Number of protein chains: 2
Amino acid sequence: MISLRDVAKRANVAVSTASAALNGTRPVAAETKQRIESAAAELGYRPNVLARGLVSKRTRILALHYPAPASGFGLTEMQFATGAAAAASELGYHLLLSPDNADPLEELRYLTGTGLLDGVLLMEVRLDDARVELLTAQNVPFALIGRTRRPEHLWFADIDFARLGADVAGHLTGLGHRAMAFINHTGAAYAGEYGPVVRIGQEIAAAAKEAGMSYADGFDADTAEQGRAALHDLLDAHPETTAVTVFSDQAAVGVLAAVEDRGWRVPDDLTVVMVLTSAQVAAMFRPQLTTLEPPSLELGRRGAQMLIEQLSDETAGPPPGGELVPCRLVIGDSSTTPRDDKGVRA
Amino acid sequence: MISLRDVAKRANVAVSTASAALNGTRPVAAETKQRIESAAAELGYRPNVLARGLVSKRTRILALHYPAPASGFGLTEMQFATGAAAAASELGYHLLLSPDNADPLEELRYLTGTGLLDGVLLMEVRLDDARVELLTAQNVPFALIGRTRRPEHLWFADIDFARLGADVAGHLTGLGHRAMAFINHTGAAYAGEYGPVVRIGQEIAAAAKEAGMSYADGFDADTAEQGRAALHDLLDAHPETTAVTVFSDQAAVGVLAAVEDRGWRVPDDLTVVMVLTSAQVAAMFRPQLTTLEPPSLELGRRGAQMLIEQLSDETAGPPPGGELVPCRLVIGDSSTTPRDDKGVRA
DNA sequence: AATGGCTGTCGAAACGTTTCGCACACGCTA
DNA sequence: TAGCGTGTGCGAAACGTTTCGACAGCCATT
């Protein structure tokens, strides 16, 4: 391994001078600097991150922490990682994957204690998330992808759920629908602590009301079987429904099956819209489903950028609050005008 | 930060003794050891990874290197990362995400020069991959997910393509099919350098021949539109075909559309089988498609495990060759017996 | 009673950086 | 000519570990 000593020797300067020249940390005569840079280039010198980090207390390494979800990751979740890694890389940082096995907090406590990390990016954030308190207490810089119940003093990037609700309602009323329903995730795996499930339920309800639509919910589903049953129950209870919005892509499979059970067709007899499902996945259904595609890559990117910004900002000013990113409406073949504008089927 | 000095002081021993006791690196009297461990626990001591790595040359950090795919990651690719991270974590290692922006090699060269890494895990391996030579030359331990053209002397984990071909042929002949076709990825994005595309084409052809089936290929497709056209062309050229195997899930969308164009139905008029698509995705099609699900998580796991094994093995014996992992056949509603066992449709 | 081999502990060096006080040689001003 | 800032460069200390040679006891062997 080529060390700074080797470079210094070749350039006939002291190690400290070589360091200063290479980092621009204090002025070095132009000619000397040139000589040092040449020597470094010729030798193929790469600074040792460990030694540097040991003294400077900065490693330019971030951890991405994700509590392993019971059901394995979907495409959406993993895109966070891709986006965050790309943004970090562009800014000269690296991203360390930190899955937690048993105890979410222990892993985090360990990692932050080792001096390896400059900051932490939290995924799968719950409405009340113990990790936030831990990191705050330990004074470790962090940012969230998603947000807690009260994120006012935190750095976070999350989906703009209010806008999402408005977009769904707008799309449907634009087509002439007056009665919609929403099949949410049950959120069972998170005991009602999962932000997207809670927020999306609230915001879609609010937007439907705002738009003057009749609205039904409470028929939640995570699997195809549940989705099928949910749609039947839903239509039995609210026969006026002309448009259904679905969160879970598995449930959507069941919804389409239930439509078929009834001898109906999508979109003629029922408009179906997915929410927080990527266009790539929505395109695999037949008919291709309209979806509000989550800005997963962008959220990952913004999370990493915010964290790095926070690290660069020496002054550590007052927390700026977070950033909300809109979803993209991708219209498929599953939404159209309702067959009967009286809202009742024969 | 609590350092080893603090622990040593509290336990009334020398720093070196504390180090030895905590690492078990050389015998320490039981009572002394006990005292040191208590002190460490009481103080909440966490060893500094940087300092340790600086002297021991071992950081227990692995990099996962992936050339950014133009189209963003699919579920399959990301599962590699998840699996690798999980396996690494279980073995006490961490995984650093290393996307490459511009120059794939420069990033790698930089990373390995910094002393931060114990080894590298390579994803998206091409048949001739420059990264392999670079790492070999630099004497950096590495393992592949996938494999090069001649992987005899390398550590790798890859799909068992021969078995995959046999499984497809076996499934179809078992149902009574005698004439199959295969719609591959075009592999255009990789200029024919992408292992799975090449190997799967060879192995399915070989297995079909072995099973005594008639076989057609050369109608490749990456998108829905291409898939649709491909199936039409294919059936025009080989009307005896009763079963089609498809690699690209996007192309499968088009294949189903083409079947509908003809007024046919799956599986009654045509059996459709996907290959290297997750069951989760295959279940979104209607009818649910039969698929050979890639063992993505397992490949990630095995890759990480092999790399770590290689690192632990002081002796660095002769390279052991790689490991081939089979796919899982998940039967959907898209495969059945051919309608006409003479292999000709009316 | 002297020798030799253990066992257990210590102190110092080393890993490759950054940081910081200090020294030296200028050229300028008083 | 003395004094003083300024531009450059040097050397040593420090970061928190691991590693390794040295050595003090102690018991067993001669």
Side-chain angles (χ1 to χ4, degrees), chain A residues 1-40 43-61 92 110-118 314, chain B residues 1-37 39-40 43-61 92 110-118 311 314:
Chain A
M1 164 167 274
I2 291 118
S3 81
L4 201 49
R5 264 184 64 196
D6 303 323
V7 175
K9 198 170 296 177
R10 176 177 255 253
N12 273 318
V13 294
V15 174
S16 57
T17 306
S19 172
L22 259 22
N23 296 309
T25 198
R26 57 162 59 190
V28 170
E31 192 221 357
T32 316
K33 183 169 179 173
Q34 171 59 38
R35 198 152 26 97
I36 293 170
E37 281 168 351
S38 306
L43 260 34
Y45 168 71
R46 320 251 174 226
N48 183 306
V49 172
L50 298 171
R52 172 178 288 181
L54 186 57
V55 31
S56 72
K57 309 287 185 199
R58 298 278 316 261
T59 59
R60 300 182 82 84
I61 297 178
Y110 175 79
L111 265 180
T112 59
T114 58
L116 181 62
L117 300 174
D118 281 358
E314 308 291 341
Chain B
M1 163 167 275
I2 291 118
S3 82
L4 201 50
R5 263 183 64 195
D6 304 323
V7 175
K9 198 170 294 177
R10 175 179 257 255
N12 274 316
V13 294
V15 174
S16 58
T17 306
S19 171
L22 260 21
N23 296 309
T25 198
R26 57 165 57 192
V28 170
E31 193 222 357
T32 314
K33 183 169 180 176
Q34 171 60 37
R35 199 154 24 98
I36 292 170
E37 281 168 351
L43 260 33
Y45 167 71
R46 320 250 175 228
N48 183 307
V49 173
L50 299 171
R52 172 178 289 180
L54 185 56
V55 30
S56 72
K57 308 288 185 199
R58 299 279 314 262
T59 59
R60 302 182 80 85
I61 296 178
Y110 174 79
L111 264 181
T112 58
T114 58
L116 181 61
L117 267 38
D118 281 357
L311 291 171
E314 309 291 340

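Chain A is the first sequence line, chain B the second, and so forth, proteins listed ahead of strands; every chain is numbered from 1. Heavy atoms only: backbone and side chains are in, while hydrogens, waters and symmetry mates are out. All values derive from a computational prediction rather than experimental measurement.
Picking from C:dT9, D:dG11, C:dT18 the nucleotide with the shortest atom distance to the side chain of B:V28 gives C:dT9. Each of D:dT17, C:dG8, D:dG9 was ranked by its minimum atom distance to the side chain of A:T17; first place goes to D:dG9. You'll find that the side chain of B:N48 is closest to D:dG16, out of D:dT18, D:dG16, D:dG9.
Remark: B:A18 pairs with B:L4, B:A8, B:V13, B:I36 by the side chain to side chain contact (heavy atoms under 4.5 Å, CB included) rule, at least two apart or across chains. Taking A:A29 as the reference, A:T32 meet the side chain to side chain contact (heavy atoms under 4.5 Å, CB included) condition, with sequence neighbours excluded. With sequence neighbours left out, B:R60 forms a salt bridge (Lys or Arg N to Asp or Glu O under 4.0 Å) with no residue at all. Legend: residues meeting side chain to side chain contact (heavy atoms under 4.5 Å, CB included) with B:R26, ordered by chain and number and at least two apart, are B:A20. By the salt bridge (Lys or Arg N to Asp or Glu O under 4.0 Å) test, B:R10 pairs with B:E42, sequence neighbours left out. In this view, B:T17 satisfies the side chain to side chain donor-acceptor pair (under 3.5 Å) rule with no residue, not counting sequence neighbours. Partners of B:T112 under the side chain to side chain contact (heavy atoms under 4.5 Å, CB included) rule, at least two apart in sequence or in another chain, are B:V120, B:L135, B:Q138, B:V140.
Regarding contacts with the backbone of C:dT18, every side-chain N or O of A:S56 stays at 4.0 angstrom or more from both OP1 and OP2.
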Item to complete: Show the numbers, then the answer: is there a side-chain contact (heavy atoms from CB on, under 4.5 Å) between A:I61 and A:L116?
Response: CA-CA 7 Å; A:I61 297 178; A:L116 181 62; 4.0 Å; yes
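Looking at heavy-atom distances under 4.0 Å, B:P47 makes contact with sugar-phosphate atoms alone, never a base.
Atoms CZ (A:R52) and P (D:dG16) sit 18 Å apart, rounded to a whole Å. Rounded to whole Å, atom C1' of D:dT8 lies 16 Å from atom CG of A:N12. Per the geometry, CG belonging to A:L4 stands 15 Å off P belonging to D:dG9, to the nearest Å. Rounded to whole angstrom, the span from the CG atom of A:L22 across to the P atom of C:dT19 amounts to 14 Å.
Here the options are B:L50, B:T114, B:L117, B:L54, the test is side chain to side chain contact (heavy atoms under 4.5 Å, CB included), and the partner is A:V49; only B:T114 passes.
The closest donor-acceptor contact from the side chain of A:N48 to the backbone of B:G115 lies at 3.5 Å or more, if one exists at all. Not a single donor-acceptor pair under 3.5 Å links the side chain of B:D6 to the backbone N or O of B:I2. A donor-acceptor pair is defined here as one N or O able to donate and one able to accept, closer than 3.5 Å; no such pair exists between the side chain of A:R46 and the backbone of B:Y110.
The shortest side-chain heavy-atom distance between B:L311 and B:R58 falls under the 4.5 Å cut-off.
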Nucleotide N/O of nucleotides 13-15 of chain D paired with protein N/O under 3.5 Å:
none

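Across the helix from C:dA1-D:dT30 to C:dA30-D:dT1, the helix axis at one end is tilted relative to the axis at the other end by 70° (nearest 10 degrees, each axis from five pairs).
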Discussion item. At under 4.0 Å between heavy atoms, how does the protein contact nucleotides 20-25 of chain C? Give one character per nucleotide, 5' to 3', with B, S or -.
Written reply: BB----
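Listed by first then second residue, pairs satisfying salt bridge (charged side-chain N to carboxylate O under 4.0 Å, His left out) with a partner in residues 47-56 of chain A number zero, not counting sequence neighbours.
Residues from residues 31-38 of chain A that place a heavy atom under 4.0 Å from any atom of DNA chain C: there are none.
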